[in-house]
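Structure, as structure tokens:
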Amino acid sequence: MSSHPPTAPAGEVPSSTSPAGPARSEEPLPQATTPVPPGLTWRQRLSRIDVRFSPYLYISPFFLLFLVIGMFPLIYTGYVSVHEWSLIGGKGEFVGLDNYRAVFEDRYFWRALRNTVSIFLLSSVPQVILALIIAGLLDTQLRARTFWRMSILVPFVVAPAAVTLIFGNLFGDRYGLINSAIGVIGIDPVAWHVDTLASHIAIASMVNWRWTGYNALILLAAMQAVPRDLYESAALDGAGKVRQFRSITIPMIRPTVIFVIITSTIGGLQIFTEARLFDNVGLGGSDRQWQTVTLYLWELGWRLRNLGMASAVAWLLFLFIVMFALVNLLLSRRIGGGGKS
Amino acid sequence: MNRRPGFLVYGLLTAFVLGSAAPLYWSLIVGSHDKSVVTQRVPPFIPGGEFFSNAQRVFDTVEFWKALGNSLLVSTVCATSVVFFCTLAGYAFAKLRFRGSNALMVFVVATLAIPTQLGVIPLFIQMAKLGWTGTVWAIIVPTLVTAFGVFFMRQYLVDAIPDELIEAARVDGCTMFGIFRNVAIPAARPAAAILWLFTFMTVWTDFFWPMIVMPSTNPTVQIALQQLQSGYYVDYALVLCAAVLSTIPLLILFVLTGRQLVAGIMQGAVKG
Amino acid sequence: MASVSYVHAERLFPGAATPAVDDFSLDIDDGELMVLVGPSGCGKSTSLRMLAGLEEVTAGTIKIGERDVSRIPPKDRDIAMVFQNYALYPHMNVGDNMAFALKMAGVDKAERKRRVREAAKLLDLEDYLERKPKALSGGQRQRVAMGRAIVRQPQVFCMDEPLSNLDAKLRVSTRTQISALQQRLGITTVYVTHDQVEAMTMGDRVAVMKDGILQQVDTPLALYDKPANVFVAGFIGSPAMNLLDATISADGSAVVDGFSLPIDRAVAAQATDGITLGVRPESWHLAGEGEDGYPIKVAVVEELGADAFLYGTPATDVPADLLRQIVVRVDARLNLTKGSVVRLTTSPDKVHIFDKATGARLSA
Amino acid sequence: MASVSYVHAERLFPGAATPAVDDFSLDIDDGELMVLVGPSGCGKSTSLRMLAGLEEVTAGTIKIGERDVSRIPPKDRDIAMVFQNYALYPHMNVGDNMAFALKMAGVDKAERKRRVREAAKLLDLEDYLERKPKALSGGQRQRVAMGRAIVRQPQVFCMDEPLSNLDAKLRVSTRTQISALQQRLGITTVYVTHDQVEAMTMGDRVAVMKDGILQQVDTPLALYDKPANVFVAGFIGSPAMNLLDATISADGSAVVDGFSLPIDRAVAAQATDGITLGVRPESWHLAGEGEDGYPIKVAVVEELGADAFLYGTPATDVPADLLRQIVVRVDARLNLTKGSVVRLTTSPDKVHIFDKATGARLSA
Amino acid sequence: GGDDEGSEDGKITLTVATFNEFGYEDLLEEYMDLNPDIKVVQKKLGTWEEHRDNLYTKLAAGSGLSDIEAIEGDGMPAILEEADAFTDLSDSEVDGRWLDWKQAAGTSADGKLIGYGTDIGPEGICYRADLFEKAGLPTDRAEVAPLFADWDTYFATGQEFIKKLPDTAWYDSSKGTSQAMINQLEFPFETADNEVVATTNPEVKEVFDTVTSMQAAGLATNLDQWSNDWVAAFQNDGFATMACPGWMLGIIEGNAAGVTGWDIADAFPGGGGNWGGSFLTVPAQSEHPDEAKALANWLTAPEQQIKAFEAKNTFPSQVEALSDPALLEATNAFFNDAPTGEILSNRAQAVTVQPYKGPKYADIIAAFQAAILRVDEGQETPDEAWDSFTADVERIG
Ligand SMILES: Nc1ncnc2c1ncn2[C@@H]1O[C@H](COP(=O)(O)OP(=O)(O)OP(=O)(O)O)[C@@H](O)[C@H]1O
Ligand SMILES: Nc1ncnc2c1ncn2[C@@H]1O[C@H](COP(=O)(O)OP(=O)(O)OP(=O)(O)O)[C@@H](O)[C@H]1O
Ligand SMILES: [Mg+2]
Ligand SMILES: [Mg+2]
């Protein structure tokens, strides 16, 4: 039955030095005690090389491009940040940490930081809570569930720039629809473009509008992965719907909640478009009421044409994000009750 | 349990959905009236008939056709390239054993947390040196691959391709690339479609980077939108009409592929 | 504790053409362990879940004791359930898992603690109370699931394939533990399985289901000895009963593949059309030298150590087919070469006779 | 076709302290069906995958025929493999799945077609050639996986638990089909399972592994009759052999729970320390009236129809423990009430004797 | 940007980047007719700020600028700092073409002419005659003019006005008004050698104090100039007057579409004032600097500027054009058929002082106006606003 040709043709040169080549470290050579294997054919050797190097070949496009467009800029930002560096004139003198000091001494930096944190809190906290509620509602035996899921996601396809223009209109200080609406129920118009907190709420609401549905779907996916029999078991154990949500759903999807919180943290600390387009000046208000750190970075770099200082801000922003992500992780662990065991 | 949800659930969901749609509807209302509508005490609640004349003005005021063309080109090229390269890398990370794979994957994940703003300045300097600022290259090149794409494809392929399938193909006589072609690509197809969509949307909606590298004379859709609002006076009928116009392509895409998009988001999550 | 009755209970899933459980009537005595058994999809789980209140009863009623519970929410039925995947709360430790139902019922902390400790002792789980489920082996998780049911001291236990996630060895030892425990506690138990060995070994009585319809309820041995129809005959027993289509010859004996087997004529006479004969593997004998017998060509002999099973195909003109086999239990040390032909006999009182058209049992 | 030899083969996973397969030597004859059996994680799959080239051999060699294949890539080993999950290419139809390896090998289209058709006929898959795997039942998928291996006409078949995804009934019928097929094709086959019944029924010879180390290789019956050590004794046979720790009394008989059992003195004398006695469930007899015997309190009697197994605990002063049980095969129709005490006897030639310290067999 | 440059069928393509409304559409057509071998493409942006961001980005990138780039007057000093990046446009042909101060503003420290002046922004006061009538004020533009003779009478009239019509502010924004007042100072923020004196200059402080106290008196709308609400205020009788350079007429007309009653008075408090006006430059990046210079020359010649004025009210900065009958006879229907040409010409001649603009001028005045806006918005008291203005100026350096 064997229809195969003999595998080692007679003419094959047996290589007495074993053909391990680069394989040495991973596939040890046969020990002296075992007989040296007969030489591999050229084809077999090729296929060993194939096995060994293909993975690197597959990942290399990513890493090569990433080195150029991701890694290099990252490090270069650090380099720029310790130089005087103007947008037009380019590199100037080495100034050490002066740019950082200048940033720290600039009250608008601190204001931008405050605004960023405030907008981030106003956007991520209600967003996660709302997303949890929506996900809970979607995690039922709905009719036409695809319709509901897609509807929830509609805001996601609206670009932030468009979102901001639309909301910028809705949040008009005197003649905006929202002020008209709250006027109906007897509330005085809110100066959305003047009052610090109001402007933060307005900007946060844009972020929330766009991302809540998206996050709800992520949470929904996690909820659906919760085995149904846990709910049945809990029902038999006497837990009502709300209790089930609290005692089963939330603890079970905790990792995903943390994931959502962290991604919205990273996103929240980078808010730019909404703040930039909230008015037509684009600097974050007369008193920088809603200037975020990224907008501040942009102002430094492209309005004041000081790339050195802007780079310093970029690095600081990075540190803040890392810090926030870590704090978040710790906090959510603690809150989630995962601290035990 | 099989109890169907009651009115409360449907009611609340309906409220959320209306909330999701309302701002878009409002921009349609404003965008289809003349500009006086913005300051009316009681705004109209149905769209008017000025949409097409407003749209005409949008095209007259800014280079909207060019913007649409640019956005379409950039989004398509980036999405396609991301899908190709990230499937390749994601597959390697998901299914191939090689030295350093774990460390490299950790690296990929870590880069997910790096804000785009961080690299903007050198990237800008680099683009300027290459003479690409102001051309679509400046947007395309930095998005040819994404760490997210690699991560996403890896997560998907880890489960989508049983190890046995790869081993079966090896025993059946496939080369490494043969396995990629015959086993990985067919298996990756659903995720690849989702990643394509996702990248397309992300690139389409991006504002920050195009704003820095693209001149207003060669805008993407988002840049064109911003130009409309930055005049000495803002004609909201015009601006919101453009907001609607800029969203229409994605809305169409969404209607066609929303199901996959929803599935994709949910998939990414369970495994993320 | 209480008895359980299904009275013409039905469950029709929305959109389904036929009910998943149809006209299901079954009385379970107080303290009895009733096993529901049947092939996949026959409606076992649905029946059980109807009792637990997890599945709506679309017609008929279900009673626990004298109380009609058909419309009562699960938590008020005083039932504990053990799920196939145990449904342990992964974020709670073993103790909390066991105490959860008591907590919901507002039992005070000291009492909760006492009852959990008691159950843990019974199940040899005392050392694991602080562990999370994922730090337990499969068998331990199974015991925790049992413990969670026990602490509640409910009127009825419902168990849905509680052993199917264990490996074969553990399954065998655990099933005897569950039987023993159930007897000791004396709590009415409904136990679902698709494994007939489990059904036979555990049940006081066994209810066999197929396509949502109850086929037979009886003690394990009665099911084995007097299956009510072809389905039960084929389902109960391993290896399965040999079922042979036969015609009745002029002299009243049954003819299979051209070979005639002696049967009880009185019974055969009741058949409307053809008949189906059922012979258990252990009911065949090898015919002696020169003795007449049903000729079988040996395909495989499975030596199980204590016994051996011979698989073969009728050595007749009918073309051989790997899928239609005769199984015979033979002596373990008999040396039969593959391909040789053996001749089988049996005695009329060991042949089960079924109506071919209806599948119903004709023999007494 | 070819024989297969493992020569002191070892697989040490990077980072692991001990090899997953250690000093494994095994010769498999041309055309033989060798079963590797053992508990989960014992290294069965690893051994098989080393043969297929999917797992590196870190020491020793593996030969197919006379050829050392230890360093040869899988595709050049001329091996076909059947995986537990079948590993069918989901996007190809059945025909393409079967033809894929031939296509890779550059076999021309007409020949591919012919060979696929032939295999499909053999496996009764002709009607399904156009279907995608997901449109097939579990049993059909299993047959496709077999077909994919068959069309290649390889020197060796490697099968890793090819039946474990089938339900119990189908598993039993399929295993006889695989045996029959293997005999017909006469291709050397290495078959991995963790199910000892499968091992016993299918293997020409069976290799029992534990913790990466080969324990015993022999025919199924030889394993049953003469297990080389306590592990094999306990692993082979269902229900498992009763293993009882015993001391040797002054008169040379073995004492278990204070009760003495007669054994072969010559054998017992070899023991260094204590001994372990092994008695299969079917090797016990119920002692007659007045006769002396090992007293067992009946816990459960499992009626399986043809047989019954009695599970009980020694009726001694030692506190009862649900987990330590004596299993006895008894007559199916014997009516034993739970809680009653029976007395067991056996004969010295049916008692397996093992060294308590090493576990090695002492009896001949 | 630069990708569509170069020649097709031997033609030279020139790009002209402008912002807002320069009124060049027809002129460029005309130029192409006159020069068949040249193709001109205009790139138009919305605002100067946006145009400036774009311009600087391209300057930094070293490529991508148009052959002709328009520069707003306030931005010119900073551009002069980058004079090396632009072509010297000096040419005997254009000597004396512009008002002196206009030409000086386009000339770098080392005497290179970087920008050709296009227009200037002589300011009048636009007012709502209908609201004046309601408030019992005169409505005829000749009678109104004396009310606007100096800042004191202007503000005093305002006080009268708001007593009658409390829901309507007197002027559009503190920002616009303060801008008008700053435009009348000679060295508001920087000395001739570019020393920053913004916070020590008593004149600046006086402007600040005046504007904030008038705000406190209720004369201002408290709206940010150019904001959406400011735009909306045109439609809602939000205010009655505003400082009104020529180019503002078009904007008022656009924002106040449908509102009747606008008029313009031939008067400006404190004499005259200039607000805005732009330049055309030729970046050194241009591949066709000579052709570009020729085009810029042609576009800023008096005849062409008159046509631009007719198109978009951009008031000429060319000496010759000021006496052109086409300019002097121009009227504007929206402003009650006011002889806007004549009025603006008068206003231009009334301009006696031009503020000196150093390189930091644009940033400082932005900070100054932001400080005033903060008072308008009630975020800070005038004192606080002044303090933070001081800090901002320090930050600008
Ligand atoms: N939620 C549901 N909606 C519609 N049909 C269902 C639902 N649940 C079960 N069924 C159907 O009802 C029938 C009985 O299902 P059930 O789960 O009771 O079977 P089972 O006997 O427990 O099978 P198994 O041994 O596989 O668990 C099946 O045909 C199944 O498809
Ligand atoms: N890729 C790997 N890396 C490290 N250790 C491994 C790997 N694969 C298997 N092992 C270890 O090797 C040992 C043997 O594994 P193997 O899969 O051969 O067991 P098995 O006998 O097939 O078990 P099962 O019946 O569960 O399939 C196990 O202890 C396992 O943990
Ligand atoms: Mg079930
Ligand atoms: Mg295995």
Side-chain angles (χ1 to χ4, degrees), chain A residues 50-51 54-55 58-59 61-62 65-66 69-70 73-74 76-77 80 134 137 140-142 146 148-155 157-162 165-166 169 175 177 213-214 217-218 221-222 225 232 235 256 259 266 270 272-273 277 280 294 297 301 307 310-311 314 317-318 321 325, chain B residues 1-2 4-5 9 12-13 16-17 20-21 23-24 26-27 38-39 43 85 88-89 91-92 96 98-99 111 113-115 117-119 121-123 141-142 144-145 150 175-176 201 205 207-208 222 225-226 229-230 234 236 239-240 243 246-247 250-251 254 258-259 262 265-266 269-270 272:
Chain A
D50 181 28
V51 169
S54 286
Y58 295 175
I59 62 169
F62 170 79
L65 268 166
F66 185 77
I69 61 180
L74 199 77
Y76 202 69
T77 306
V80 174
I134 296 177
L137 295 175
T140 49
Q141 305 231 320
L142 288 174
T146 311
W148 292 110
R149 288 178 190 175
M150 277 176 66
S151 306
I152 287 297
L153 197 59
V154 165
V157 303
V158 186
L165 297 186
I166 297 170
N169 172 255
Y175 309 109
L177 186 64
Y214 181 90
L217 285 181
I218 292 183
E232 296 181 340
T256 309
F259 171 81
I266 293 174
Q270 297 181 56
F272 174 80
T273 312
L277 298 183
N280 56 352
T294 35
L297 182 157
L307 287 185
S311 296
L317 177 67
F318 176 58
I321 287 180
Chain B
M1 264 158 304
N2 296 298
R4 295 247 162 210
V9 170
L12 281 172
L13 277 176
F16 281 123
V17 169
S20 300
L24 270 183
W26 171 248
S27 50
V38 176
T39 48
F85 289 123
L88 210 54
Y91 164 71
L96 302 182
F98 59 97
R99 190 168 285 269
T111 58
I114 298 178
Q117 282 85 354
L118 186 45
I121 289 157
L123 206 54
V141 172
L144 283 176
V145 295
V150 176
T175 59
M176 292 301 271
M201 293 183 58
T205 55
F207 175 72
F208 184 67
Q222 311 307 328
L225 262 185
Q226 178 236 354
Q229 96 132 9
S230 66
V234 181
Y236 267 111
V239 166
L240 294 191
S246 78
T247 309
L250 281 195
L251 270 180
F254 181 69
R259 198 178 282 267
V262 167
I265 293 170
M266 294 182 59
V270 177

Fill in the blank from the handout: Bottom line for S246(B): the part with an atom under 4.5 Å from chain A's heavy atoms is side chain

Practice task
Find the one option among L177(A), L307(A), L317(A), L297(A) whose heavy-atom pairs under 4.5 Å with chain B are most numerous.
Solution key: L177(A)

Completion exercise
On a heavy-atom basis, the closest approach of R259(B) and M150(A) is N-SD, 3.7 Å

Practice task
Rounded to the nearest 0.5 Å, what's the gap from CZ on F16(B) to CD1 on I134(A)? Could you check?
Solution key: 4.0 Å

Problem - Partners passing ring pair (Phe, Tyr, Trp, His ring centres under 6.0 Å) against F85(B) (at least two apart in sequence or in another chain) - result: none

Exercise for the section: Under 4.5 Å heavy-atom distance to chain A, tell me which part of V150(B) shows up: side chain, backbone, both or neither. Expected result: side chain

Practice task
Kindly say whether Q222(B) contributes a backbone atom to a donor-acceptor pair with the side chain of Q226(B) at under 3.5 angstrom?
Solution key: no

Exercise for the section: Give, as side chain, backbone, both or neither, the part of T247(B) having an atom under 4.5 angstrom from any heavy atom of chain A. Expected result: side chain

Completion exercise
Given I166(A), T294(A), L65(A), V158(A), the one with more heavy-atom pairs under 4.5 angstrom with chain B than any other is I166(A)

Practice task
Counting only heavy atoms closer than 4.5 Å, note whether S311(A) contacts chain B via side chain, backbone, both or neither.
Solution key: both

Exercise for the section: Fit a plane to each ring of F272(A) and F208(B), take the angle between them on a 0 to 90° scale, and name the class: parallel (under 30°), tilted (30 to 60°) or perpendicular (over 60°). Expected result: perpendicular

Handout entry: Residue, of P73(A), A159(A), P61(A), that accumulates the most heavy atom pairs under 4.5 Å with chain B
Key = P73(A)

Exercise for the section: Considering only heavy atoms and a distance below 4.5 Å, find which of L277(A), L74(A), V154(A) pairs most often with chain B. Expected result: L277(A)

Exercise for the section: Could you grab the distance from atom CG of N169(A) to atom CG of L240(B), nearest 0.5 Å is fine? Expected result: 5.0 Å

Problem - Segment of L123(B) engaging chain A (4.5 angstrom heavy-atom cut-off) - result: both

Problem - Note, V262(B) side chain near T146(A) side chain (heavy atom, < 4.5 Å) - result: no

Handout entry: Region of L96(B) in contact with chain A, defined by heavy-atom distances below 4.5 Å
Key = side chain

Handout entry: Atom pair CG (D50(A)) and CE (M176(B)), whose distance is rounded to the nearest 0.5 Å
Key = 6.0 Å

Exercise for the section: Give, as side chain, backbone, both or neither, the part of F62(A) having an atom under 4.5 angstrom from any heavy atom of chain B. Expected result: both

